[in-house]
Amino acid sequence: MTIISFDDYLISKVIFVQILAMSKILVIGSCGQIGIELVLELRKTHGNHNVIASDIKENYPQSIAEGPYIQLDIMNSNKLTSLVKENNVKEVYLLAALLSATAEKKPLFAWELNMQGLFNVLELAKDKLIEKVFWPSSIAVFGKNSPADNTPQHTIMEPSTVYGISKLAGERWCEYYFNKYNVDVRSIRYPGLISYKSAPGGGTTDYAVDIFIQALKSQSYTCYLKPDAKLPMMYMSDAIRATIEIMQAPRDNIKVRSSYNLSGISFDPEELAAEIKREIPNFSMNYAPDFRQEIAESWPNSVDDSFAKNDWNWENKIKIQGIVKKMLDGLS
Ligand code: NAD
Ligand code: SER
């Protein structure tokens, strides 16, 4: 047993009390594709103890075990309120949701989770228990009648999926809580996100992750979208940087209180397959489009993110060749 002096004991106790008193960041849905990487990045800046990871899952990945983890169902608003009060949480990143393809299989459940989860967090911010909220929207807010190329920030929005409907409604509610209750909620319409640290959660854009896993495993992939299904995409590190940059921007710079268009790069399955073939010459691609093709057809080919560029200096960095290299290196 190590014996420490009374002075050392007092110092460590003061430090412990100071850590407890510091305001905390809470990431809800932290075991998912974005959550794991966001928790790791936030902890680099704020320290492991100041970023609480939470998810409905009882077991959490080892990669986020360096800091606190609290199991939480976002639908349980009483537990969320206690967690926020007891831990002095001032900033929340709400990532828990059902994504597009999974949501189509459970539409009413998806609507309930995607909307009620958001209300539970916005209400805490309205009551001034939380100071700042991040909530992600998606390119899924657009529909067949939106301009497909360079889709503007403000345009026709008629989503046809339950996921897109819930994201568009969520955007309207975010703006409402800002206008009526001065809630500092910030949001991005993420494109399809590509990463290797955790599996994607059931989206239409997931092929752009699965393709790398199969390319390395069997040098072939059967794609559930058509060869020319062009979609906006982004590498995860750019998306995490965008998330942190919008949250760090001065409050007055955030002029769009629904959600910002965010552009990375756009490509279709055929183009991605061609890039992979440069690295893995034996790679071959087959196509067996399913219900996700119809979803992809209703989404933009590319989006105009000039509002994000002007308001908080957004700039995408990683292009398709960079993504292919990072994914193959990372998965290898
Ligand atoms: P994901 O499915 O990988 O992760 C979601 C996490 O939420 C999971 O770990 C899940 O266990 C958790 N969760 C589910 N129900 C919960 C509940 N009731 N309480 C607490 N946690 C719960 O999703 P993701 O890709 O990380 O996406 C996060 C957010 O970003 C979602 O709102 C999604 O709509 C949005 N988004 C993602 C993408 C993308 O390409 N990944 C694109 C656009 C928008
Ligand atoms: N990547 C997401 C999806 O396909 C877009 O929000 O569902």
Side-chain angles (χ1 to χ4, degrees), residues 26-39 52-61 63-64 69-77 79-80 83 92-106 109-118 120-121 133-142 159 161-168 170-171 174 187-210 224-225 229 231-236 238-240 242-243 259-262 264 291-296 298-300 303:
L26 174 65
V27 180
I28 302 167
S30 61
C31 297
Q33 190 194 8
I34 301 174
I36 290 176
E37 301 209 30
L38 182 62
V39 165
I52 303 170
S54 79
D55 200 286
I56 198 169
K57 290 179 181 163
E58 193 180 339
N59 299 316
Y60 52 94
S63 53
I64 55 168
Y69 179 85
I70 299 176
Q71 187 184 7
L72 168 77
D73 179 349
I74 186 55
M75 303 301 272
N76 186 340
S77 69
K79 186 167 178 189
L80 172 67
L83 191 166
V92 171
Y93 294 75
L94 171 57
L95 304 176
L98 280 203
L99 275 79
S100 59
T102 315
E104 285 308 294
K105 292 177 185 156
K106 305 177 194 168
F109 176 73
W111 172 256
E112 208 182 325
L113 173 65
N114 294 7
M115 297 313 300
Q116 195 55 49
L118 177 60
N120 289 348
V121 172
V133 176
F134 176 81
W135 172 81
S137 184
S138 160
I139 49 168
V141 292
F142 298 110
T161 59
V162 65
Y163 176 69
I165 296 169
S166 72
K167 289 294 183 187
L168 181 54
E171 287 191 7
C174 287
S187 178
I188 283 170
R189 292 173 184 149
Y190 287 132
L193 300 182
I194 303 174
S195 67
Y196 63 86
K197 287 191 185 154
S198 73
T204 301
T205 57
D206 291 3
Y207 90 86
V209 174
D210 301 339
Y224 55 77
L225 297 183
L231 289 166
M233 299 280 188
M234 183 176 285
Y235 191 63
M236 185 61 84
D238 276 331
I240 298 292
T243 307
S259 190
Y260 280 92
N261 275 7
L262 194 74
F291 72 100
R292 289 168 281 191
Q293 171 62 26
E294 197 182 331
I295 299 178
S298 74
W299 290 355
V303 295

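Sequential numbering from 1 along the given sequence is applied to the chain's residues. Note that ligands are numbered from 1 as they come in the structure, with each ligand's atoms numbered from 1 the same way. The shown structure was predicted, so the numbers you read here are calculated from the model rather than taken from an experiment.
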Atom 36 (N) of ligand 1: the protein heavy-atom neighbour that sits closest, reported with distance to 0.1 Å: Y163 OH, 3.6 Å
Those atoms of ligand 1 less than 4.0 Å from some heavy atom in A97: 31 (C), 32 (O)
G203 touching ligand 1 at heavy-atom level, < 4.0 angstrom: no
Specify side chain, backbone, both or neither for W135, according to which of its non-hydrogen atoms lie closer than 4.0 Å to ligand 1. neither
Output yes when the distance from some N or O of ligand 1 to some N or O of L94 is under 3.5 Å, and no in every other case. no
By the definition side chain to side chain contact (heavy atoms under 4.5 Å, CB included), identify the one residue from I52, I28, N120, L80 that meets it with V92. I28
Identify, by atom number and element, the atoms of ligand 1 in contact range of A96, meaning under 4.0 Å from any of its heavy atoms. 7 (O), 13 (N), 16 (C), 20 (C), 21 (N), 22 (C)
To which protein heavy atom is atom 19 (N) of ligand 1 closest, and what is the distance rounded to 0.1 Å? I74 N, 2.9 Å
Residue-level breakdown please: for K57 versus ligand 1, do any non-hydrogen atoms fall below 4.0 Å on the side chain, on the backbone, on both, or on neither? side chain
Can you classify the ring geometry of Y163 versus W299 as parallel (below 30°), tilted (30 to 60°) or perpendicular (above 60°)? tilted
Show the atoms of ligand 1 that are less than 4.0 angstrom away from any heavy atom in G192. 40 (O)
Cationic N near anionic O, under 4.0 Å, R189 to E171: yes
Tell me the protein heavy atom at minimum distance from atom 31 (C) of ligand 1, and give that distance in Å. L95 O, 3.2 Å
Minimum side-chain heavy-atom gap V121-I74 below 4.5 Å: yes
Heavy atoms, side chains only, cut-off 4.5 Å: are I36 and S198 in contact? yes
Identify, by atom number and element, the atoms of ligand 1 in contact range of L113, meaning under 4.0 Å from any of its heavy atoms. 15 (N), 18 (N)
Provide the number and element of each atom of ligand 1 under 4.0 Å from a heavy atom of G201. 2 (O), 3 (O)
State if K167 counts as touching ligand 1 under the rule of any non-hydrogen atom under 4.0 Å. yes
Side chains of K167 and P159: does their closest heavy-atom pair fall under 4.5 Å? no
Around atom 21 (N) of ligand 1, find the nearest protein heavy atom and jot down its residue, atom name and distance. I56 N, 3.3 Å
Please verify whether a non-hydrogen atom of P191 lies at under 4.0 Å from ligand 1. yes
In the protein, which heavy atom is nearest to atom 11 (O) of ligand 1, and how far is it? D55 OD1, 2.6 Å
Which residue and heavy atom of the protein sit nearest atom 20 (C) of ligand 1, plus the separation: L72 O, 3.2 Å
Got a donor-acceptor contact below 3.5 angstrom from the Y224 side chain to the Y207 backbone? yes
Below 4.0 Å, non-hydrogen atoms only: which portion of L98 touches ligand 1? Side chain, backbone, both or neither. neither
Under 3.5 Å, side chain of T243 to main-chain N/O of A239, donor-acceptor pair present? yes
Here the gap from Y235 atom OH to I240 atom CD1, rounded to the nearest 0.5 Å, amounts to 11.0 Å
Just by distance, do the side chain of T102 and the backbone of G202 share a donor-acceptor pair under 3.5 Å? yes
Measure from the side-chain N and O atoms of D238 to the backbone N and O of M234, and report whether any donor-acceptor pair falls under 3.5 Å. no
So, regarding L193 and ligand 1 (criterion: nitrogen or oxygen to nitrogen or oxygen, under 3.5 Å), is there a contact or not? yes
When you measure from atom 26 (O) of ligand 1 to every protein heavy atom, which one gives the shortest distance, and what is it? I34 N, 2.9 Å
Heavy-atom contacts with D73 under 4.0 Å: which atoms of ligand 1 show up? List them by number with element. 17 (C), 18 (N), 19 (N)
Donor-acceptor contact below 3.5 Å, side chain N114 vs main chain A97: no
I'd like the atom pairs linking ligand 2 to the protein - N or O on both sides, separation under 3.5 Å - with distances to 0.1 Å.
{"from": "ligand 2", "atom 1": "1 (N)", "to": "T205", "atom 2": "OG1", "distance (Å)": "2.6"}
{"from": "ligand 2", "atom 1": "4 (O)", "to": "S100", "atom 2": "OG", "distance (Å)": "3.3"}
{"from": "ligand 2", "atom 1": "4 (O)", "to": "T204", "atom 2": "N", "distance (Å)": "2.6"}
{"from": "ligand 2", "atom 1": "4 (O)", "to": "T205", "atom 2": "N", "distance (Å)": "3.1"}
{"from": "ligand 2", "atom 1": "4 (O)", "to": "T205", "atom 2": "OG1", "distance (Å)": "3.4"}
{"from": "ligand 2", "atom 1": "6 (O)", "to": "S138", "atom 2": "OG", "distance (Å)": "2.6"}
{"from": "ligand 2", "atom 1": "6 (O)", "to": "Y163", "atom 2": "OH", "distance (Å)": "2.9"}
{"from": "ligand 2", "atom 1": "7 (O)", "to": "S100", "atom 2": "N", "distance (Å)": "3.1"}
{"from": "ligand 2", "atom 1": "7 (O)", "to": "S100", "atom 2": "OG", "distance (Å)": "2.6"}

Nearest non-hydrogen protein atom, atom 41 (N) of ligand 1: Q33 OE1, 2.9 Å
What are the atoms of ligand 1, with element, lying closer than 4.0 Å to any heavy atom of C31? 9 (O)
Quiz question: by atom type and distance under 3.5 Å, do the side chains of T204 and S100 form a donor-acceptor pair? yes
Taking the side chain as every heavy atom from C-beta outward, state whether I56 and L72 have any atom pair closer than 4.5 Å. no
Can any side-chain N or O of S30 pair as donor or acceptor with the backbone N or O of S54 at less than 3.5 Å? yes
Out of curiosity, is S137 lining ligand 1, as in a heavy atom under 4.0 Å away? yes
Check whether any side-chain N or O of E58 sits under 3.5 Å from a backbone N or O of Q71 as a donor-acceptor pair, and report yes or no. no
Where the side chain of S195 meets the backbone of M236, is there a donor-acceptor pair that is under 3.5 Å apart? no
Excluding sequence neighbours, so at least two apart, what forms side-chain contact (heavy atoms from CB on, under 4.5 Å) with E112? M75
Specify side chain, backbone, both or neither for L99, according to which of its non-hydrogen atoms lie closer than 4.0 Å to ligand 1. side chain
